[in-house]
Amino acid sequence: MTEYLTIPDTTASKEERYSQLFPQIEGLIMGENDLIANLSNCIAAIHLTMGFLWTGIYFVRGNELVLGPFQGPVACTRIRKGRGVCGKAWEQQKTIIVEDVSTFDDHISCSSLSRSEIVVPVFGNGEVVWVLDIDGAELAAFDGTDAEWLEKIMRLIEPR
Ligand code: SME
């Protein structure tokens, strides 16, 4: 198996790191159609290449989100629709970027080290089927560049 990048290259810009990450993820999922296998490798590649605090999936299960593949500290397993950043991104069907989680009403804290967050909803048949949730250890770790690339990466795996 090809060896993939696993250490954040702190000399590279965010844009450069995502540009390198994207074809790696295309390669990782090529020829494999199992969703959990593909999401698991995708999460590991994003997490290690970008050096995030927590990177993972919450699947829509009925009226709740349920924890899926992730990398990082242990996390809460269930989040109700509309609760936390994840539940709001699901409800509003749009990517949410939180520069400072301490100012976000109803933020659900899984790690005291988390300072900022991005949540990207992913669609199948027009409905949100899971959200990609990422926590950063620094304030304002995420911006439009992250949203654009993470949405693009999720489109590689989203159900068709
Ligand atoms: N902070 C999230 C909960 C999940 S953890 O960050 C892994 C939220 O407010 O929805």
Side-chain angles (χ1 to χ4, degrees), residues 4-8 10 14 17-18 21-22 24-25 28-29 34-124 126-159:
Y4 292 90
L5 279 183
T6 52
I7 297 168
T10 47
K14 188 185 268 189
R17 279 192 255 173
Y18 278 117
L21 175 63
F22 190 79
Q24 289 178 18
I25 293 177
L28 277 170
I29 67 174
D34 187 273
L35 180 65
I36 299 296
N38 283 338
L39 281 175
S40 300
N41 265 340
C42 177
I43 291 299
I46 294 172
H47 187 75
L48 294 168
T49 305
M50 302 306 294
F52 295 139
L53 175 68
W54 194 93
T55 310
I57 298 294
Y58 281 95
F59 291 110
V60 171
R61 298 277 185 259
N63 217 28
E64 286 181 322
L65 294 168
V66 180
L67 184 64
F70 74 95
Q71 299 270 318
V74 295
C76 59
T77 53
R78 288 173 189 268
I79 299 171
R80 287 211 310 279
K81 192 171 190 177
R83 298 302 308 273
V85 189
C86 291
K88 286 202 172 48
W90 172 19
E91 193 172 61
Q92 295 171 13
Q93 307 206 343
K94 65 176 177 64
T95 296
I96 297 181
I97 293 172
V98 181
E99 292 195 345
D100 179 352
V101 295
S102 72
T103 65
F104 190 91
D105 272 353
D106 201 32
H107 170 256
I108 301 166
S109 178
C110 294
S111 164
S112 58
L113 296 176
S114 173
R115 309 289 302 281
S116 55
E117 183 160 358
I118 184 169
V119 181
V120 176
V122 178
F123 299 85
E127 303 270 313
V128 177
V129 285
W130 71 76
V131 300
L132 169 67
D133 178 23
I134 305 181
D135 290 348
E138 308 85 34
L139 289 172
F142 308 102
D143 56 25
T145 300
D146 299 274
E148 193 181 311
W149 279 100
L150 294 168
E151 287 168 7
K152 196 171 153 185
I153 290 169
M154 284 294 104
R155 282 199 293 274
L156 287 173
I157 304 182
E158 73 186 359

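Just so you know, ligand 1 is whichever comes first in the structure, and atom 1 is the first atom listed for that ligand.
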Kindly confirm or rule out an N or O of Cys86 lying under 3.5 angstrom from an N or O of ligand 1. yes

Any side-chain heavy-atom pair of Phe123 and Val129 under 4.5 Å: no

Looking only at protein heavy atoms, identify the closest one to atom 8 (C) of ligand 1 and say how far it is in Å. Val85 N, 3.3 Å

With nothing but distance in play, are any N or O atoms of Tyr58 less than 3.5 Å from an N or O of ligand 1? no

Begin with the C-alpha distance, continue with both residues' side-chain angles, and end with the deciding distance and a verdict on salt bridge (charged side-chain N to carboxylate O under 4.0 Å, His left out) for Asp135 and Arg115. CA-CA 7 Å; Asp135 290 348; Arg115 309 289 302 281; over 6 Å; no

Proximal ligand 1 atoms for His107, defined as those under 4.0 Å from one of its heavy atoms: 1 (N), 9 (O)

Numbered in order shown, the ligand 1 atoms found under 4.0 Å of a heavy atom of Trp54 are 7 (C)

Is the closest side-chain donor-acceptor distance between Glu138 and Ser116 under 3.5 Å? no

Nearest protein heavy-atom contact for atom 4 (C) of ligand 1: which residue, which atom, what distance? Asp133 OD2, 3.3 Å

Validation: residues 69-82 side-chain donor-acceptor distances under 3.5 Å, sequence neighbours left out:
unit_1, atom_1, unit_2, atom_2, d
Arg78, NH1, Glu64, OE1, 2.9

If you scan protein heavy atoms around atom 2 (C) of ligand 1, the nearest is Glu117 OE2, 3.1 Å

Among all protein heavy atoms in this structure, tell me which lies nearest to atom 3 (C) of ligand 1, with the distance rounded to 0.1 Å. Ile108 O, 3.4 Å

Is it the case that atom CD in Glu99 sees more than 12 heavy atoms from other parts of the structure closer than 6.0 Å? no

I want to know if ligand 1 touches Asp135 in the polar sense, i.e. an N/O pair below 3.5 angstrom. yes

What protein heavy atom lies closest to atom 5 (S) of ligand 1? Include the residue and the distance to one decimal. Cys110 SG, 3.1 Å

Could you state the interatomic distance from CG (Leu28) to OG (Ser40), rounded to the nearest 0.5 Å? 11.0 Å

Keeping the roles fixed (side chain from Ser114, backbone from Ser111), state whether a donor-acceptor pair exists under 3.5 Å. no

